[in-house]
Amino acid sequence: ETGGPELQRHKRNTDVQQPRIATESGNLVFLTGSAQNIEFRPGSLGKIKLNDEDLSECLHQIQRNKDDIIDLKKGTVPQNISSQILQLNAKLVDL
Amino acid sequence: ETGGPELQRHKRNTDVQQPRIATESGNLVFLTGSAQNIEFRPGSLGKIKLNDEDLSECLHQIQRNKDDIIDLKKGTVPQNISSQILQLNAKLVDL
Amino acid sequence: ETGGPELQRHKRNTDVQQPRIATESGNLVFLTGSAQNIEFRPGSLGKIKLNDEDLSECLHQIQRNKDDIIDLKKGTVPQNISSQILQLNAKLVDL
Amino acid sequence: AYKLWVPNTDFDDDANWSQNRTPCAGATVEFPANKMVSVLVRGGHSVSDLLLPLDGELILDSGAAFSASVATWDPDCSVGGPALFRDPDRFSWYDPRLWRSQETTRGLFSVDAERVPCRHDDVVFPATASFRVGLGRGARTVRSVSVLGRTFLRDDDLAAFLASRAGRLRFHGPGVLRVVPEACADPSGCVCDNDEVLPWVCAALLQPLDGRCPPAACSNAFRPEGQCCDLCGAIVSLTHGAAFDLEKYRERLLGTFLLQYQGLQVAVSKVRRASRVWEAAGPGPDTEIQVVLAEGRPLAGGAPRLVQDILADIAEHGETLGVVSATVRELSSPVGGGF
């Protein structure tokens with residue numbers, strides 16, 4: 001008789017996969033169920049550090065790199081090229 | 001009786017200041033207080049991996065990208081442009 | 001009496017470092033042995049999030065940035081430069 | 001019949017910790033490095049240091065949390081050193097104290113060998129708790145095994161699970177566990193088939209007593225088939241016919257007689273007759289029904305009267321009950337008793 005509800009509860013629990021902190025041959029592994037996230041929410045002054053690197057700082061650098069690349073792609077011509085071409089044009093005009 | 005204020009203080013602290021590993025609807029959440037960090041320090045030969053990606057490798061790539069962008073910004077002229085301009089100059093001299 | 005062998009065993013095991021979740025001045029620190037990893041494995045539909053940022057998305061951006069930089073380095077000449085150089089050539093031919 | 005595994009490896013269970021209490025606020029917590037274990041965490045815990053096993057897992061239930069203690073810690077907490085998680089390998093499949101069956105009704109008991117899973121039992125490990133089982137040596141066969149909400153009825157499936165990481169976290173030892181999905185189809189009962197493993201069962205049961213049985217409180221104490229230590233009371237052996245129904249007979253004893261006898265417990269099961277060395281060799285069934293009447297402590301002395309009631313009942317209703325004959329095998333008397 002006690003088996004009934006116990007088994008019932010049992011069933012429900014396995015459907016939602018619980019997050020786990022696992023160790024595998026000394027490796028530390030964080031796992032979640034199929035649609036569940038792993039989230040880091042440091043306080044406003046708190047950091048997430050990977051060894052000595054600040055992860056938020058790294059992520060900001062990714063964005064800055066992206067922005068720089070967009071600028072570069074816009075084809076802002078290197079200054080010395082522009083000036084050389086201007087000089088060439090001038091010389092041709094002077095012929 | 002001494003437990004009263006202690007627990008009280010404890011309570012307040014867990015709400016605000018303590019870094020925490022918690023679960024929210026099956027998500028695994030790492031939280032820190034306003035000025036506390038979460039730090040991951042694998043051994044010197046150990047890695048930090050997101051699924052199969054090596055995070056340190058990713059972070060190095062960010063730095064490499066940044067360095068490359070600095071180089072690109074310096075306006076190092078693409079070789080074929082330089083050579084074309086040299087040819088133009090030569091032709092003009094030969095006139 | 002059981003503590004004896006238990007501590008003994010512990011001693012021997014410290015050669016292989018146990019993964020550790022520690023506190024240092026209120027910071028939450030995850031540590032592994034010298035060749036051991038720290039790994040994050042959300043479910044197939046789960047994400048790794050830093051506050052509201054999707055970390056996997058960030059890592060993809062690193063790769064996209066890298067690809068973009070490679071393209072930029074190949075010296076794809078900005079269009080207006082190419083056309084100006086073509087014009088110069090044409091003028092020289094017409095001399 | 002099913003057998004439910006009782007002990008757990010939960011973080012929140014006091015019994016799993018060296019000081020018989022869960023780690024206090026700010027504790028240093030230490031798991032044995034080389035013991036694989038799966039540990040369910042239900043509550044919130046404030047720890048200053050958590051040393052994990054090299055292979056294992058902490059499963060975080062919905063209310064679970066680990067927080068790093070900052071300013072608050074229990075001043076008594078550092079007394080006695082770190083909170084050590086007790087050896088998760090200490091639970092043996094063969095330990096009768098670690099199983100529960102439906103026969104825990106007051107007045108009924110099972111002999112020790114039948115308190116661990118029998119050949120036709122369904123074995124259930126509750127997934128509301130984490131656990132670890134030492135399979136010991138040898139091969140065990142049961143009807144089914146339920147683990148983590150899955151019921152294994154095929155041997156290949158069970159073997160694959162046991163070899164998986166989830167399986168290795170929960171089952172260990174060289175022993176082999178098999179399933180043969182045959183229920184006991186005989187209304188007269190099925191032999192438990194644990195004779196071979198009785199030495200292991202008794203070793204596990206008597207381990208806290210240094211392997212010695214407590215002295216019986218009567219003269220003529222006896223040891224029933226499948227029991228580790230001597231009992232006081234009586235054994236009645238029944239030769240059963242085709243109409244015998246073990247469950248119905250058990251209920252009959254419980255309902256008709258047992259309520260009148262305080263302090264007496266009854267175990268009814270089918271046992272192999274051949275194993276009794278003093279049995280007169282001859283034709284007949286190779287099994288019999290062992291009815292054990294066990295006196296509690298202090299001795300109430302009701303066994304002889306209950307034996308008479310049982311014999312009288314069989315004399316009157318034997319044919320209906322499917323009992324061919326009944327023999328009183330053992331009958332103890334109190335030490336210096338006035339019988």
Side-chain angles (χ1 to χ4, degrees), chain A residues 17 19-44 46-51 54-56 58-78 81-82 84-93 95, chain C residues 16-21 26-55 57-69 71-73 76-85 87-92 94-95:
Chain A
Q17 259 190 289
R20 55 196 71 201
I21 301 173
T23 50
E24 298 174 1
S25 313
N27 299 308
L28 183 57
V29 188
F30 299 90
L31 300 131
T32 58
S34 61
Q36 265 70 42
N37 301 333
I38 298 176
E39 305 188 19
F40 302 100
R41 297 198 207 130
S44 51
K47 294 171 182 174
I48 294 170
K49 294 179 77 176
L50 310 177
N51 291 317
D54 178 343
L55 193 56
S56 323
C58 292
L59 300 190
H60 284 141
Q61 188 57 49
I62 296 173
Q63 191 53 45
R64 278 197 293 269
N65 285 351
K66 186 183 167 188
D67 293 344
D68 283 348
I69 288 166
I70 288 169
D71 279 351
L72 283 166
K73 276 188 179 169
K74 272 183 198 152
T76 50
V77 185
I81 295 195
S82 301
Q84 285 183 64
I85 287 170
L86 281 173
Q87 282 171 31
L88 281 173
N89 269 316
K91 284 180 188 170
L92 284 168
V93 167
L95 276 179
Chain C
V16 189
Q17 261 189 288
Q18 287 176 256
R20 242 178 100 183
I21 301 177
N27 300 311
L28 186 58
V29 188
F30 298 86
L31 301 127
T32 58
S34 60
Q36 266 69 43
N37 301 333
I38 298 176
E39 306 187 20
F40 300 95
R41 297 196 206 134
S44 53
L45 298 173
K47 294 169 183 173
I48 298 172
K49 293 177 77 176
L50 212 182
N51 291 319
D52 286 329
E53 290 191 272
D54 179 343
L55 204 51
E57 188 42 49
C58 292
L59 299 189
H60 284 142
Q61 189 57 49
I62 297 173
Q63 189 55 44
R64 279 195 293 268
N65 285 351
K66 186 184 165 186
D67 293 344
D68 282 349
I69 287 167
D71 278 351
L72 283 166
K73 277 189 180 169
T76 50
V77 186
Q79 273 201 325
N80 56 346
I81 294 193
S82 301
S83 64
Q84 283 182 64
I85 287 170
Q87 281 170 30
L88 280 172
N89 271 314
K91 282 180 189 169
L92 284 168
D94 289 344
L95 275 178

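A, B, ... follow the sequence lines: proteins, then strands. Residue 1 opens every chain.
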Non-hydrogen atoms of chain C under 4.5 Å away: do they reach the side chain of A/Gln63, the backbone, both or neither? neither
Before you tell me yes or no, could you show the steps for C/Lys49 and C/Glu57 under salt bridge (Lys or Arg N to Asp or Glu O under 4.0 Å), namely the whole-Å CA-CA distance, both residues' side-chain angles and the distance that decides it to 0.1 Å? CA-CA 9 Å; C/Lys49 293 177 77 176; C/Glu57 188 42 49; over 6 Å; no
Please classify the contact of A/Ile21 with chain C as side chain, backbone, both or neither, using a heavy-atom distance under 4.5 Å. side chain
Residue selection (most heavy-atom pairs with chain A, distance under 4.5 Å) from C/Asn65, C/Ile69, C/Leu59: C/Asn65
Please work out whether the ring planes of C/Phe40 and A/Phe40 are parallel, tilted or perpendicular, with thresholds of 30° and 60°. perpendicular
Segment of A/Pro42 engaging chain C (4.5 angstrom heavy-atom cut-off): both
Can you tell which of A/Thr32, A/Ile62, A/Ile38 has the highest number of heavy-atom pairs within less than 4.5 Å of chain C? A/Ile38
Under 3.5 Å donor-acceptor, C/Asn37 side chain and A/Asn27 backbone: no
C/Leu55 versus chain A, the contacting section by heavy-atom distance below 4.5 Å: side chain
Please name the pair of heavy atoms, one in C/Pro19 and one in A/Gly26, separated by the smallest distance, quoted to 0.1 Å. CG-O, 3.4 Å
Are the side chain of A/Asp54 and the backbone of A/Ser56 linked by a donor-acceptor contact shorter than 3.5 Å? yes
Rounded at 0.5 Å granularity, tell me how far SG in C/Cys58 sits from CD1 in C/Ile48. 11.0 Å
Bottom line for A/Leu31: the part with an atom under 4.5 Å from chain C's heavy atoms is both
Below 4.5 Å, heavy-atom pairs only: which of A/Glu39, A/Lys66, A/Arg41 has the largest tally toward chain C? A/Lys66
